[in-house]
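Input: a single structure, listed below in structure tokens.
Chain naming here is simple, since letters A, B, ... match the order of the sequence lines and numbering starts at 1 in each.
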Amino acid sequence: MDQQVRVRFAPSPTGYPHVGNIRTALFNWLFARHNKGVFILRIEDTDQERKIEGAVEIIIDSLKWLGMDFDEGPYIQSERLDIYRKCAEQLVHEGKAYYCFCSPDRLDAMRKQQMANKQPPGYDRRCRDLSPDQVEAEKKQGKVPVVRFKMPLTGRTSVTDLIRGEVIFENNLLDDFVLLKSDGYPTYHLASIVDDHYMKISHVMRAEEWLSSTPRHLLLYSAFGWQPPHFAHLPMILGPDKSKLSKRHGATAINEYRNMGYLPETMINFLSLLGWSLDDKTEIMSVEEIIRNFSLERISKTAAVFNMNKLEWMNGVYIRNLSPQSFAERSLPFVEQGLPPEVKRPIDVNYLHAIAPLIQERTKTLAEVPLQVDFFFTDSLDCDPAMLVGKLEKAQAAAVLQKTITVLKSVSEWKTEPMENAVRPLVEEMGMKTGPFFGVLRVAVTGRTASPPLFQTMEVLGREKCLSRLESAAGKLT
RNA sequence: GGCGCAUUCGUCUAGGGGUUUAGGACGCUGCCCUCUCAAGGCAGAGAUCACCGGUUCGAAUCCGGUAUGCGCUACCA
């Protein structure tokens, strides 16, 4: 790479970023970091209709959460309107663009007509050759024009895509697209080309849906006499039905994944593998590893289905790799939010830290933590007698509880080892199997049939709570 | 309709003419471990590499066509 790498993430501020957009941001960021280049954030707010208040902050916050730091920006397109206007006027001046006074209604009718006649839709170039006098006349009538690009009527434009190779388009199939809208805002085409040029963008990495408009962009560059950047069109992200990932497929916004308890490092790793791979087996990688190995050559051409299952698995891997301390800290907000209201706040982090090792390897998302730890925090347990008894005889279950209570009361130290040493012999003594025996105790102590290991759980729960729960359970069986 | 892109296990992917009886991962099934649930270990099912032709001694890999999917075809990005 002989020139400095300068890439950008250029979202429009329409709400929470879609995971597809985030993946685009990620690839740009990875490419910049790998090449010791510059990562720029640019807000493309040229559509006043779709703009949403506060979206810029949300975008920045999302990038920050994922650890994608930017070196320049955010540049805001709506603050650069005069630049685009000047550029558009320059092209008009040079005869490479023109004013168009056609009303939206006429354009609409024209398109409908074309569709009906099975003609390819596109602007019919009615205003392309208006004389200066005609233009003046229209303006005098108070009509506000748009500026359209004067497409070459012949020839072809070749796009060299770093991922797909050379793609050729016939110019006569491209219409005179709008550069400057009547509200004075540029279209994407104009704004992004002008900005990419002035911001010295070296590589444009964007979603595949832009491939078709790249010839327009190239033609614009050449109209301005500018050197175009390199292009790389990234494969799209699909839903399970292979159509473009959208809300009806479930979560699509990055913040939803954050709220569902996915770790940012999981998202980075997972998203990096959607359209890129290191080799034939490496899946779990730190950001540093991904940055070190990232390359355009290994980006695939094919669209990828977003596999929730695999995401969950990967998040589990990352959660298990957390230190118990960090796991507790990261779970805390979810626990604060998810525990029943009667549990006293604030939640004790140290207690959560003690619980952490018991549940960590059982959790796939932080959002499930409150569900797993609630019985540690509630005062009393209202466990179901039927669940308590299970497949045993009622009397036998009661005996299990009684004997255990007696034995536990004499345990000198409320720790896993001594408790287990004291209780386990009872199993054989009663001629039972460990499964059913411990099962009764598990339900009594935790209120559920699946839990972390019994004695470890009891140690953390404490003598008082355990004995009272066991006794309360025994009471239910008499 | 036109133009463009793509097509390897259900999914993510490796592979770029002979090393491939097409490798890994998720998920699935079974076994082991085990106080339950997980985690972990092992094993297994799962892809005639979309199809049809061609090039070649030899093709998942190169070429052409077909089909299918997707994208674009706005004063949206």
Contact class for [X] vs. all strands (heavy atom < 4.0 Å): base, sugar-phosphate, or nothing?
X	answer
A:Pro11	nothing
A:Met314	nothing
A:Thr449	base
A:Ser182	base
A:Lys433	nothing
A:Leu173	sugar-phosphate
A:Arg148	sugar-phosphate
A:Leu174	nothing
A:Lys310	base
A:Gly316	nothing
A:Pro13	nothing
A:Tyr185	nothing
A:Arg164	sugar-phosphate
A:Val178	sugar-phosphate

In whole angstrom, what separates [X]'s [atom1] from [N]'s [atom2]?
X	N	atom1	atom2	value
A:Glu297	B:rG16	CD	C1'	14 Å
A:Asp175	B:rG1	CG	P	20 Å
A:Phe438	B:rU34	CZ	C1'	11 Å
A:Tyr84	B:rA77	OH	P	12 Å
A:Lys301	B:rC5	NZ	C1'	11 Å
A:Arg362	B:rG40	CZ	P	12 Å
A:Trp313	B:rA38	CH2	P	18 Å
A:Gln456	B:rA38	CD	C1'	13 Å

So, are [X] and [Y] salt-bridged, with charged N and O less than 4.0 Å apart?
X	Y	value
A:Arg128	A:Asp176	yes
A:Arg448	A:Asp384	no
A:Arg156	A:Glu170	yes
A:Asp124	A:Arg111	no
A:Arg42	A:Glu44	yes
A:Arg362	A:Glu368	no
A:Asp47	A:Lys51	no

[N]: pairing nucleotide in any strand, Watson-Crick or G-U under 3.5 angstrom:
N	result
B:rU68	B:rA6
B:rA14	none
B:rU20	none
B:rG1	B:rU73
B:rA39	none
B:rG27	none
B:rG53	B:rC63
B:rC33	none

Counting heavy atoms from C-beta on, name the nucleotide in [options] closest to the side chain of [X].
X	options	result
A:Asn307	B:rG10, B:rC5, B:rA39	B:rG10
A:Glu209	B:rU36, B:rA14, B:rA77	B:rA77
A:Val305	B:rC12, B:rG4, B:rG1	B:rC12
A:Glu361	B:rU36, B:rA39, B:rC75	B:rA39
A:Glu283	B:rA77, B:rG4, B:rG24	B:rG24
A:Ala304	B:rC72, B:rG4, B:rC12	B:rC12
A:Ser212	B:rC72, B:rA77, B:rC5	B:rC72
A:Pro121	B:rC35, B:rC75, B:rG1	B:rG1
A:Arg111	B:rA6, B:rA74, B:rC12	B:rA74
A:Lys281	B:rA77, B:rG24, B:rU13	B:rG24

With respect to the phosphate group of [N], does any side-chain polar atom (N or O) of [X] fall under 4.0 Å of OP1 or OP2?
X	N	result
A:Lys364	B:rA38	no
A:Arg298	B:rU13	no
A:Ser451	B:rU36	no
A:Lys242	B:rU68	no

Self-check item: With A:Arg320 via salt bridge (charged side-chain N to carboxylate O under 4.0 Å, His left out) - residues at least two apart
Solution: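 None.
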Quiz item: Which parts of residues 151-160 of chain A get close to RNA chain B, meaning a heavy atom less than 4.0 angstrom away?
Solution: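 Those residues whose heavy atoms fall under 4.0 Å from RNA chain B, taken from residues 151-160 of chain A, amount to none.
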Practice problem: Go through residues 45-52 of chain A and report each residue with a non-hydrogen atom lying under 4.0 Å from RNA chain B, sorted by number. | Solution: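 Within residues 45-52 of chain A, the residues near RNA chain B are A:Thr46, A:Asp47, A:Arg50.
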Quiz item: Roughly how far apart, to the nearest Å, are B:rU21 and B:rG16 at atom P?
Solution: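 Here B:rU21 and B:rG16 have their P atoms 14 Å from each other.
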Quiz prompt | Under the ring-ring contact (aromatic ring centres under 6.0 Å, His included) test, residues paired with A:Phe437 that sit two or more places apart | solution =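 Here no residue qualifies.
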Exercise. Not counting sequence neighbours, which residues clear ring-ring contact (aromatic ring centres under 6.0 Å, His included) with A:Phe294? List them please.
Key: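 Once residues adjacent in sequence are excluded, the partners of A:Phe294 under the ring-ring contact (aromatic ring centres under 6.0 Å, His included) criterion are A:Phe27, A:Trp276.
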Practice problem: Could you tell me which non-hydrogen atom of A:Pro240 sits nearest to which non-hydrogen atom of A:His249, and how far apart they are? | Solution: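 Minimum heavy-atom separation between A:Pro240 and A:His249: CD-CD2, 3.6 Å.
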Exercise. Determine which pairs satisfy salt bridge (charged side-chain N to carboxylate O under 4.0 Å, His left out) with at least one residue from residues 297-307 of chain A, sequence neighbours left out, and list them in order.
Key: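 As it turns out, there is no salt bridge (charged side-chain N to carboxylate O under 4.0 Å, His left out) pair with a partner in residues 297-307 of chain A once direct neighbours are skipped.
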Quiz item: Cationic tip of A:Arg148 within the cone over A:Tyr123's six-membered ring, i.e. under 6.0 Å and within 45° of the normal?
Solution: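 Judged by the rule, A:Arg148 and A:Tyr123 form a cation-pi pair.
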Quiz prompt | Side-chain heavy atoms of A:Glu138 within contact of A:Val135, under 4.5 Å | solution =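 Result no, sub-4.5 Å side-chain heavy-atom pair not found.
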